[in-house]
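Contents: one structure, followed by commentary.
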Amino acid sequence: MDEMILLKLGELVLKGLNRRSFEDRLIANARRQLQPYGHFRVYARQSTLYVEPRDSQADVAGAFEAMKHLFGVVGLSRALSCPKDKDAILDTVKSYLGDRLSAAKTFKVETKRADKTFPMTSIQLSQYVGGELDDAYPHLKVDVHHPELTVYLEVRDYAAYVHADPEPGAGGLPVGTAGRAVSLLSGGIDSPVASWMMAKRGLALEMVHFYSYPYTSPEAKQKVLDLAGQLTGWCGSLTVHVVPFTAIQEALMRSCPEALFTVLMRRFMMRIAQRVAQRIGAGALVTGESLGQVASQTIDAMRITGAACTLPILRPVVGMDKEEIVRIARQIGTFETSILPYEDCCTVFTPRHPRLHPLPGEIETAEAGLDIDGMVEAAFQGIERVRIH
Ligand code: ATP
Ligand code: MG
């Protein structure tokens, strides 16, 4: 059986003149994500991406699961192709969907006819195949409104395709079509979700992680690399820039008011992330901040943090409740790793009474004696880059 996968394109069908480059990117992303599953042919026709195995070694079931994580796809089905002939189509439905027809009580047939030279209309083909199936499976009843099983027939330029109900795709836009950004990835619940949300809107991401050895353990760093690994299923290969952050934190502890420690530290995070962004040609930063969740996530604190850099800071979870963020974390598979109990650099140095509403003037005073550029540059030079496939 030459079973294949049909992917329905989402929003990118609206892209007009840019559509071709969106499709090309989607195809490249699909090919990359299919690599572990064998050899496939991938091409686009009529708002659909076709994924066809090139040989019998290819793992179609594995590929199907991988394609559920491909941004830019709204629905996907495993399908069987057959000649464009009503009886060939009927035979294919019986052999390919026979088990499902036997298990269902109600069904309907729905035909899409892209090839207008096909001698029957969509309705005629649906009626023909539906009638024959009704006879062949006496327990089955036609229900056009709420069928348990819908048999889809698609008559296209080169072949006809038979499949059952499509499964929902990942949605969004192909990764890389919206440019590039640097995402600040901690070991928490929020930042992997924020990264996923922006990748879904088409951003290609590189990760920055601030690491405070020996205050935080190698396990804490490994946890972040594991989270990045889980995101590669959606984003493709990722680079994690692991920034040595201990010296900066110690300098702030020595010379700055304790109540301002977190916001001052976060300003350094933004400066260093921006330095990484300049190096890789990224146009924005991404964080997992959520309004009011902790002291450093008040509007005043976010304003002061954001003022340390010029790039826009994207905060996709800013208006979400923790519960909503957790729901996505579970859905994308990062939650269990995120809740592993390793200290993050922020929790190790949390002040007892952080200032909820820091003022620009007091930040300026606190930073006056610091060699900011030198500290940023030293951290940047110490970066360890880890490529995750
Ligand atoms: P998360 O669950 O993402 O860790 P959080 O609720 O713990 O977020 P904070 O610790 O205030 O919140 O961090 C806010 C954001 O700052 C994080 O979502 C992340 O984007 C960034 N951040 C915090 N700590 C680090 C770190 N060690 N390395 C990289 N980014 C960090
Ligand atoms: Mg955190």
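Below, each value reflects all heavy atoms present in this structure, side chains not excepted, and no hydrogens, waters or symmetry copies. Whatever order the structure lists them in is the order used to number ligands and atoms, beginning at 1.
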Q.
Are the side chains of L125 and V155 in contact, using a 4.5 Å heavy-atom criterion?
A. yes

Q) Taking only residues at least two apart or on different chains, which pairs with a member in residues 280-306 satisfy salt bridge (charged side-chain N to carboxylate O under 4.0 Å, His left out)? A) R266-E289, E289-R315

Q. Does any N or O atom in F210 lie less than 3.5 angstrom from one in ligand 1, N or O only?
A. yes

Q. So, for A228 and L238, which heavy atoms are closest and what is the spacing to 0.1 Å?
A. O-CD1, 3.4 Å

Q: Kindly indicate whether the side chain of L252, heavy atoms from C-beta on, has any atom under 4.5 Å from the side chain of F268.
A: yes

Q: Give the contacting part of V208 toward ligand 1: side chain, backbone, both or neither, where contact means a heavy-atom distance below 4.0 Å.
A: backbone

**Q.** Per-atom contacts, ligand 1 versus H209 - under 4.0 Å to a heavy atom
**A.** 26 (C), 27 (N), 28 (N), 29 (C)

**Q.** Minimum non-hydrogen distance to atom 15 (C) of ligand 1, winning option of M265, K322, R266
**A.** R266

Q) Going by the atom numbers of ligand 1, which of them fall below 4.0 Å from some non-hydrogen atom of M269? A) 24 (N), 25 (C)

Q.
Check this for me - ligand 1, I189, N or O atoms closer than 3.5 angstrom, yes or no?
A. yes

**Q.** Residue part near ligand 1, for S296, under 4.0 Å between non-hydrogen atoms
**A.** side chain

Q | Heavy-atom check, side chain of P192 versus side chain of S338, under 4.5 Å | A | yes

Q. What do we get for T262 next to ligand 1 when only non-hydrogen atoms under 4.0 Å count, side chain, backbone, both or neither?
A. neither

Q) Going by distance only, is there an N or O of T287 that falls short of 3.5 Å from an N or O of ligand 1? A) no

Q. Hey, which atoms in ligand 1 end up nearer than 4.0 Å to a heavy atom of V294?
A. 11 (O)

Q) Could an N or O of ligand 1 be found under 3.5 Å from any N or O of L184, whether backbone or side chain? A) yes

Q: Report yes if the side chains of T106 and H146 come closer than 4.5 Å at any heavy-atom pair, otherwise no.
A: no

Q) Should one rank S195, G188, G288 by closest heavy-atom distance to atom 17 (C) of ligand 1, which comes out on top? A) G288

Q. Going by heavy atoms in the side chains, are L6 and L76 under 4.5 Å from each other?
A. no

Q) Is the OH atom of Y43 crowded by more than 12 outside heavy atoms at less than 6.0 Å? A) yes

